*Asks:* 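Provided herewith is a single structure, encoded as structure tokens, for subsequent inquiry.
Not measured: the values here are computed from a predicted model. Nothing fancy with the numbering, it's 1 onward along the sequence. Computed from heavy atoms alone, side chains included, the values below leave out hydrogens, waters and symmetry copies.
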Amino acid sequence: MAFRRFGRSLLYSLPLGITFLDCVGYVARVDGTSMQPALNPVAEERDYVFLLRWGIHNSPVERGDIISLISPKDPAQKIIKRVVGMQGDVVSTLGYKHEIVRVPDGHCWVEGDHTGHSLDSNTFGPVALGLMSARAVAIVWPPERWSLLKTELPRRRRPIQVAKASYYN
């Protein structure tokens with residue numbers, strides 16, 4: 001009887017859990033120093049963030065959002081970066097092949113907060129919006145760092161020219 005109840009519980013809860021992880025969000029560990037000081041401010045400790053998948057391709061992504069995306073350099077790897085520019089924006093780069101770039105339609109410009117210690121758009125250029133997988137909304141571990149992540153863009157990294165509003169900005 002207990003086995004049957006366990007089986008029925010598993011039968012109901014497994015699809016719900018998979019649906020939640022696939023559609024709503026999940027918790028992920030942030031490795032590396034590229035997002036310091038916002039994430040992993042102490043190099044020896046790792047932050048865990050809640051990544052919200054819900055609406056990532058249906059609602060506007062804003063400049064300053066921290067997003068998870070598939071790496072343009074290695075599709076097997078996910079990276080986490082801050083959105084600096086949206087399609088149509090003109091951004092100044094930090095070591096990219098062009099000093100100033102207009103972000104093409106369907107793309108965004110992403111950077112790590114730890115300038116010079118990040119593989120980001122300054123390395124691989126504008127990123128297709130389709131590579132975005134989730135928006136980081138909160139630090140959930142360690143407990144002393146529990147907080148919502150702010151949508152903020154450092155003044156020194158704001159676009160030179162902001163495009164007119166569109167669906168993604």
Side-chain angles (χ1 to χ4, degrees), residues 25-43 45-75 77-140 144-169:
Y26 60 99
V27 174
R29 185 179 73 204
V30 178
D31 291 320
T33 60
S34 71
M35 285 303 294
Q36 284 180 340
L39 301 172
N40 295 343
V42 178
E45 296 179 13
R46 297 286 169 254
D47 285 342
Y48 287 78
V49 295
F50 182 73
L51 296 172
L52 182 65
R53 286 180 176 232
W54 190 265
I56 189 71
H57 293 289
N58 299 327
S59 63
V61 174
E62 298 179 29
R63 291 167 200 85
D65 280 349
I66 297 176
I67 61 168
S68 171
L69 60 143
I70 297 168
S71 171
K73 287 283 190 192
D74 179 7
Q77 181 183 24
K78 285 202 176 173
I79 58 177
I80 189 162
K81 303 293 175 199
R82 188 178 300 276
V83 176
V84 172
M86 295 303 300
Q87 55 189 359
D89 288 354
V90 176
V91 295
S92 64
T93 68
L94 303 169
Y96 187 58
K97 59 185 173 186
H98 304 290
E99 215 172 288
I100 296 176
V101 171
R102 178 177 298 278
V103 181
D105 284 348
H107 290 72
C108 64
W109 190 268
V110 297
E111 294 182 359
D113 287 356
H114 196 178
T115 306
H117 296 86
S118 176
L119 293 175
D120 52 28
S121 286
N122 289 299
T123 304
F124 42 73
V127 175
L129 294 172
L131 294 178
M132 292 186 304
S133 58
R135 180 181 292 120
V137 294
I139 298 171
V140 297
E144 63 272 8
R145 295 212 2 97
W146 283 350
S147 63
L148 295 176
L149 291 168
K150 296 177 184 154
T151 298
E152 59 187 3
L153 195 56
R155 183 176 296 274
R156 60 184 170 71
R157 294 308 308 142
R158 292 195 177 137
I160 295 171
Q161 179 182 353
V162 175
K164 293 179 183 174
S166 71
Y167 181 73
Y168 278 102
N169 60 352

*Asks:* Taking G64's backbone N and O only, do any of them form a donor-acceptor pair with R82's side chain (distance below 3.5 Å, no angle check)?
*Replies:* yes
*Asks:* Could you grab the distance from atom CG of D113 to atom CG of N40, nearest 0.5 Å is fine?
*Replies:*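 Nearest 0.5 Å value for the CG-CG distance: 11.5 Å.
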*Asks:* Looking at residues at least two apart in the chain, or sitting in another chain, which of them share a side-chain hydrogen bond (donor to acceptor under 3.5 Å, both in side chains) with T33?
*Replies:*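 T33 satisfies side-chain hydrogen bond (donor to acceptor under 3.5 Å, both in side chains) with no other residue.
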*Asks:* Shortest non-hydrogen contact from S118 to T123?
*Replies:*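 Closest pair (atom of S118, atom of T123, distance): O-OG1, 4.1 Å.
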*Asks:* Taking side chain as C-beta onward, heavy atoms only, is K81 less than 4.5 Å from V127?
*Replies:* no
*Asks:* Do S34 and L119 come within less than 4.5 Å of each other through their side chains, counting heavy atoms only?
*Replies:* no
*Asks:* Check step by step if side-chain contact (heavy atoms from CB on, under 4.5 Å) holds for L129 and V61.
*Replies:* CA-CA 9 Å; L129 294 172; V61 174; 5.8 Å; no
*Asks:* How long is the gap from CD1 on I79 to NZ on K73, to the nearest 0.5 Å?
*Replies:* 11.0 Å
*Asks:* How would you list, by chain and number, every residue that makes a side chain to side chain contact (heavy atoms under 4.5 Å, CB included) with L149, sequence neighbours excluded?
*Replies:*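 Partners of L149 under the side chain to side chain contact (heavy atoms under 4.5 Å, CB included) test: L39, V49, I66, A136, I139.
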*Asks:* Do the side chain of D65 and the main chain of R135 share a donor and acceptor less than 3.5 angstrom apart?
*Replies:* no
*Asks:* Show me, pair by pair, the donor-acceptor contacts under 3.5 angstrom made by side chains of residues 95-109, not counting sequence neighbours?
*Replies:*
unit_1	atom_1	unit_2	atom_2	d
R102	NH1	G88	O	3.0
H107	ND1	D105	O	3.0
W109	NE1	E111	OE2	2.9

*Asks:* Taking side-chain hydrogen bond (donor to acceptor under 3.5 Å, both in side chains) as the test, write out the residues that go with S68, two or more places apart.
*Replies:* S133
*Asks:* To the nearest 0.5 Å, what is the distance between CD (Q36) and NE2 (H117)?
*Replies:*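 Here the interatomic distance stands at 8.5 Å.
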*Asks:* Got a sec, which residues hit side-chain hydrogen bond (donor to acceptor under 3.5 Å, both in side chains) with S71, two or more places apart in sequence or on another chain?
*Replies:*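 Partners of S71 by the side-chain hydrogen bond (donor to acceptor under 3.5 Å, both in side chains) criterion come out as none, since no residue qualifies.
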*Asks:* Just wondering, more than 12 heavy atoms not from L153 lying within 6.0 Å of its CG?
*Replies:* yes
*Asks:* Measure across V91 and G85 and return the closest heavy-atom pair with its distance rounded to 0.1 Å.
*Replies:*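 Of all heavy-atom pairs spanning V91 and G85, the closest is CG1-CA, 4.1 Å.
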*Asks:* Are D47 and M35 packed together at the side-chain level, in the sense that at least one heavy-atom pair is separated by less than 4.5 angstrom?
*Replies:*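 No. Closest side-chain heavy atoms not under 4.5 Å.
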*Asks:* Which residue pairs satisfy the salt bridge (Lys or Arg N to Asp or Glu O under 4.0 Å) criterion with at least one member in residues 25-35, sequence neighbours excluded?
*Replies:*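 Matches after skipping sequence neighbours: R29-D31, D31-R46.
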